[in-house]
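Notes follow once the structure below has been shown.
A note on names: the letters A, B, ... follow the listed sequences, proteins ahead of strands, and every chain is numbered from 1.
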2 protein chains.
Amino acid sequence: METTTFSALAEPNRLRIVELLLSVKGPLTVGEIADRLGLQQPQASKHLRVLLEAGLVEVEAVANRRNYKLRVEPLQALDVWLETYRKVWDERFDNLEAYLQKLQSKENN
Amino acid sequence: METTTFSALAEPNRLRIVELLLSVKGPLTVGEIADRLGLQQPQASKHLRVLLEAGLVEVEAVANRRNYKLRVEPLQALDVWLETYRKVWDERFDNLEAYLQKLQSKENN
DNA sequence: TAATAATATTCCTTTACAGGAATATTCCCG
DNA sequence: CGGGAATATTCCTGTAAAGGAATATTATTA
């Protein structure tokens, strides 16, 4: 697992940008993002740059504006990575189940 | 979504610790972690502290040693957070499917 | 072409944090 | 009780990164 996705999302304002882009389900302009999140334009630009380099967003230039939208690939990679952990906590659950069954069969004796 | 999980995992050596603890499926000692990852003991301790504060690991003190093991809760929270994104990329997939069906019905005319 | 809008970049300052080295702490055992 | 093992903490230094302010860049439009 690459650490770039984590560090990109480790900054609160960047996480907010990602969640904003998720909630609107479509591209947003730098100015719109800055407005909605109460960020100054340069900071919005800078955070978007980081997100861009991390592959979490993509841009389309339309005249003066830049439309930023989410890319799901890094989050899908994260999802795949978590798959391993899901197995672990499923196993623990299975163990718990097995343990409970054991208890139950003891009670039946 | 809290940003602490992300920042904890944003550091490569900490991510390696988490993955190591996952692969061994059981608790490990500070020394064992340092050895297996080629870290110096103080750095291992410091990283484990951060992971501990982020709730990603827990400790059990046994005499001289500290046994660290994974906690799945933060990763489960991450999993829940990703659920929203899964919906998004499923929607995109649905749209693709709808589009393909549309194509197909056109071909049938 | 000048003015303006939208965005990106640069410079500066402050802060957080990682690694190295040394040291403190805690516990076991002879 | 003293020594040694395992771990944590502290101090120092270098570096990366975030925000603010100013400025550069690019494109539109009158």
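Remark: B:R86 pairs with A:D79, B:D79, B:E83 by the salt bridge (Lys or Arg N to Asp or Glu O under 4.0 Å) rule, at least two apart or across chains. Contacts of B:T3 classified as side-chain contact (heavy atoms from CB on, under 4.5 Å), with partners at least two apart in sequence or in another chain: A:A10, A:P12. Listed by chain and residue number, A:N67 satisfy the side-chain hydrogen bond (donor to acceptor under 3.5 Å, both in side chains) test with A:T29 (two or more places apart in sequence, or in another chain). B:E2 is linked by a salt bridge (Lys or Arg N to Asp or Glu O under 4.0 Å) to nothing, counting only residues two or more places apart in sequence or in another chain.
Pairs passing the side chain to side chain donor-acceptor pair (under 3.5 Å) check and including a residue from residues 15-27 of chain A, sequence neighbours excluded, read A:N13-A:R16, A:E19-B:W81, A:K25-B:E91. Applying the ring pair (Phe, Tyr, Trp, His ring centres under 6.0 Å) test to every pair with at least one member in residues 22-43 of chain A, sequence neighbours left out, gives no pairs at all. For residues 32-43 of chain A, no pair satisfies salt bridge (charged side-chain N to carboxylate O under 4.0 Å, His left out), with sequence neighbours left out. Residue pairs satisfying the side chain to side chain donor-acceptor pair (under 3.5 Å) criterion with at least one member in residues 43-56 of chain B, sequence neighbours excluded, are listed as follows: B:R14-B:H47, B:Q41-B:S45, B:R49-B:E53.
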Begin from the C-alpha positions of B:L52 and B:L48 and carry the test side-chain contact (heavy atoms from CB on, under 4.5 Å) through to its verdict. CA-CA 6 Å; B:L52 186 66; B:L48 284 166; over 6 Å; no
Derivation and outcome, side-chain contact (heavy atoms from CB on, under 4.5 Å), residues A:Y68 and A:L51: CA-CA 10 Å; A:Y68 283 87; A:L51 291 174; over 6 Å; no
Decide yes or no on side-chain contact (heavy atoms from CB on, under 4.5 Å) for A:L22 and B:Y85, but give the supporting numbers first. CA-CA 7 Å; A:L22 174 70; B:Y85 292 91; 3.6 Å; yes
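Near DNA chain C, meaning a heavy atom under 4.0 Å away, the residues from residues 27-43 of chain B are B:Q40, B:P42, B:Q43.
For A:R49 and D:dT25, the CZ to P distance is 15 Å, given to the nearest whole Å.
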Hey, what are the protein-to-nucleotides 28-30 of chain D N/O distances that come in under 3.5 Å?
none

Going 5' to 3' through nucleotides 11-17 of chain D, assign each nucleotide B (protein heavy atom under 4.0 Å from a base atom), S (under 4.0 Å only from sugar-phosphate atoms) or - (no protein heavy atom that close). -------
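Bounding nucleotides for the chain A contact on DNA chain C, 5' to 3', at a heavy-atom distance below 4.0 Å, are C:dA5 to C:dT10.
Side-chain N or O atoms of A:R71 include none that pairs as donor or acceptor with a backbone N or O of A:V57 at under 3.5 Å.
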